[in-house]
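All values below come from the heavy atoms of this structure, side chains included, with hydrogens, waters and symmetry mates left out. As the structure is a computational prediction, the values presented were derived from the model and not from experiment. Below, read A as the first sequence line, B as the second, and so on, with proteins coming before strands; counting in each chain starts at 1.
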Amino acid sequence: MFIIPKEKEVPLGCITPAPVTEQTMMITGNWREYRPVIDQEKCNLCMNCIVYCPDACWQLNEAEDEVVWNAKYCKGCLICVNECTTEALSKAYELDFEDGVVRLEKPF
Amino acid sequence: MAVAVKTQNLPLIKKIRNIPREEYYVPGHRTCAGCGPALQYKLVAKAAGPNTIFLGPTGCMYVANASYLCTPYRVPWMHTQITNGGAVASGVEAAYQVLIRKGKREGELPNVIVMAGDGGSVDIGLQAMSAMMYRNHDALFVCYDNEAYANTGIQTSPTTPYGANTTFTPPGPAIPEGKKLFPKDPPQLVIGGHPAVKYVATASVAYPVDLMNKVRKALNVQGPTFLHIHAPCPKGWKFNESKTVEIAKLAIQTGMWILYEWENGEYKYQHKPREYKPVREYMKLQGRFAHLQEAHIAKMQAFVDAKLKAPGIPVAVPAPPPRAQA
Ligand SMILES: Cc1ncc(C[n+]2csc(CCOP(=O)(O)OP(=O)(O)O)c2C)c(N)n1
Ligand code: SF4
Ligand SMILES: [Mg+2]
């Protein structure tokens, strides 16, 4: 009988570990062109950004008195800015720095 | 013979504030920014909770989520062919019934949920879905409707609306409106032909609390259930990705989408606008309708008006005569 030695066994490619809070093999934060910016003073915790984010990138903090943004995965779709009920959210260009801005002359 | 029955009673959610905090569809997936189907996935997974098994027929919610070794599903998930989501769900549910009967597994029967696209449910996946419902399997079949075969590059499907520009229905001199046919009616297809089905509902990403409660109601029911969820696709419908929820809301405000529940033969409607906006308001935001002429928009309005007179009940659609193009 032919036996494959243990060290040469091919792992089953079709069974994958399940993530718990994030899938670190697909980090999507670098997709963004614009980022949402929150003004905590204006936020009344209406929950819209939290429920409407397809990427679950807005969550309540532990004390449940502030919404927290996940920069690592936010793709910059800006649904949250569009659905914010209090104008606490606005958008900012990702590549604006204190010492200069970067703009694409022509979007590719 | 012990038969595994669900005793769970997932509580309904009263306010947006009480939406469960736990995520079961986590960040880290390749769906487009602003993807409606990804949003509904997050909401369905949240509503269903940890004792759930998802089955994913081929489509964006498989391909764009589960590339190679990375998947965003925190609960067990399995890929199925685009054609056989219903058949795999039947097998999974039947296997759990046997394990519980033989005492090899304790606890509640898991929530078995098929997350199929419109193609994977009411077109190429129709026979397996119908068979699952016919055989009375205890599973929820979700059709997330992005109104096209999106994953292969936006080809027309039976739920693509009249007048949409897709890669298989491009407008041109011979056919100026692009798509000529009016869509299938998925919930009516299920209600009409499957006596074992006791709960069917339509939902939308624009009304997340309503959506999650419908998921929970469907999961609390014994036997097959069906949800038809409107999930705008910024890539396929050609609109700005920040407008996914706005467009989903407009669909309801214009009557392009109707929210209802069908439970043991009775219809109940939700979020019915007091006055409907013209369908133009919905269509003008989407590039897939940009080529339409006034006469085409009027035809769409007439279709919606007829549907609204008897919401939830199929209307006779103006079908083109056979070989009209020849
Ligand atoms: C039998 C078969 N035919 C064709 C395909 C190619 N295919 C892969 S994804 C897809 C589109 C699926 O559309 P839908 O079910 O609506 O899901 P969506 O991509 O829109 O989310 C198609 C046609 C396939 N995988 N299997
Ligand atoms: S093509 Fe549409 S359905 Fe597919 S990932 Fe992109 S937005 Fe989502
Ligand atoms: Mg589709």
Contact winner vs chain B - Ala56(A), Pro19(A), Gly29(A), heavy-atom pairs under 4.5 Å: Pro19(A)
Asn82(A) side chain near Val245(B) side chain, heavy-atom distance below 4.5 Å: no
Ring center gap for Trp31(A) and His29(B) short of 6.0 angstrom: no
NZ/Lys238(B): more than 12 non-hydrogen atoms of other groups inside 6.0 Å: yes
Atom pair CG/CD1 of Asn165(B) and Ile154(B) - distance to nearest 0.5 Å: 10.5 Å
Other residues, nucleotides, ligands: >12 heavy atoms within 6.0 Å of Arg280(B) CZ: no
Heavy-atom pairs under 4.5 Å with chain B, option from Leu60(A), Ile27(A), Asn48(A) with the top count: Leu60(A)
Donor-acceptor under 3.5 Å (Thr202(B) side chain, Tyr260(B) main chain): yes
Atom CD of Gln40(A): over 12 foreign heavy atoms under 6.0 Å: yes
Heavy-atom closest contact (Asp118(B) atom, Cys143(B) atom, distance): CA-SG, 3.8 Å
Basic-acidic side-chain contact under 4.0 Å: Glu64(A), Arg21(B): yes
For chain A, which residues of residues 39-51 of chain B have heavy atoms nearer than 4.5 angstrom: Leu39(B), Lys42(B), Leu43(B)
Student check: side-chain heavy atoms of Cys80(A) and Cys53(A) closer than 4.5 Å: no
Heavy-atom proximity to chain B below 4.5 Å, by part of Cys46(A): backbone
Chain A neighbours within residues 74-93 of chain B, where any heavy atom lies under 4.5 Å away: Arg74(B)
Spacing of Leu78(A) atom CG and Leu89(A) atom CG [to the nearest 0.5 Å]: 9.5 Å
Proximity breakdown for Val209(B) and chain A, heavy-atom pairs closer than 4.5 Å: neither
Largest heavy-atom contact set with chain B, pairs under 4.5 Å, which of Met47(A), Gln59(A), Lys75(A): Lys75(A)
Parallel, tilted or perpendicular: rings of Tyr73(B) and Tyr25(B) (30°, 60°): tilted
Heavy-atom pairs under 4.5 Å with chain B, option from Lys91(A), Arg32(A), Glu83(A), Lys72(A) with the top count: Glu83(A)
Region of Thr21(A) in contact with chain B, defined by heavy-atom distances below 4.5 Å: backbone
Part of Ala66(B) within contact of chain A (heavy atom distance under 4.5 Å): neither
Candidate pair Trp257(B) and His271(B), rule ring-ring contact (aromatic ring centres under 6.0 Å, His included), full reasoning: CA-CA 11 Å; Trp257(B) 193 266; His271(B) 299 287; over 10 Å; no
Side chain to side chain, Pro72(B) and Pro27(B), heavy atoms closer than 4.5 Å: no
Heavy-atom proximity to chain B below 4.5 Å, by part of Ile50(A): backbone
Among the listed options Lys243(B), Arg17(B), Met212(B), Lys249(B), the residue most often paired with chain A at heavy-atom distances under 4.5 Å: Arg17(B)
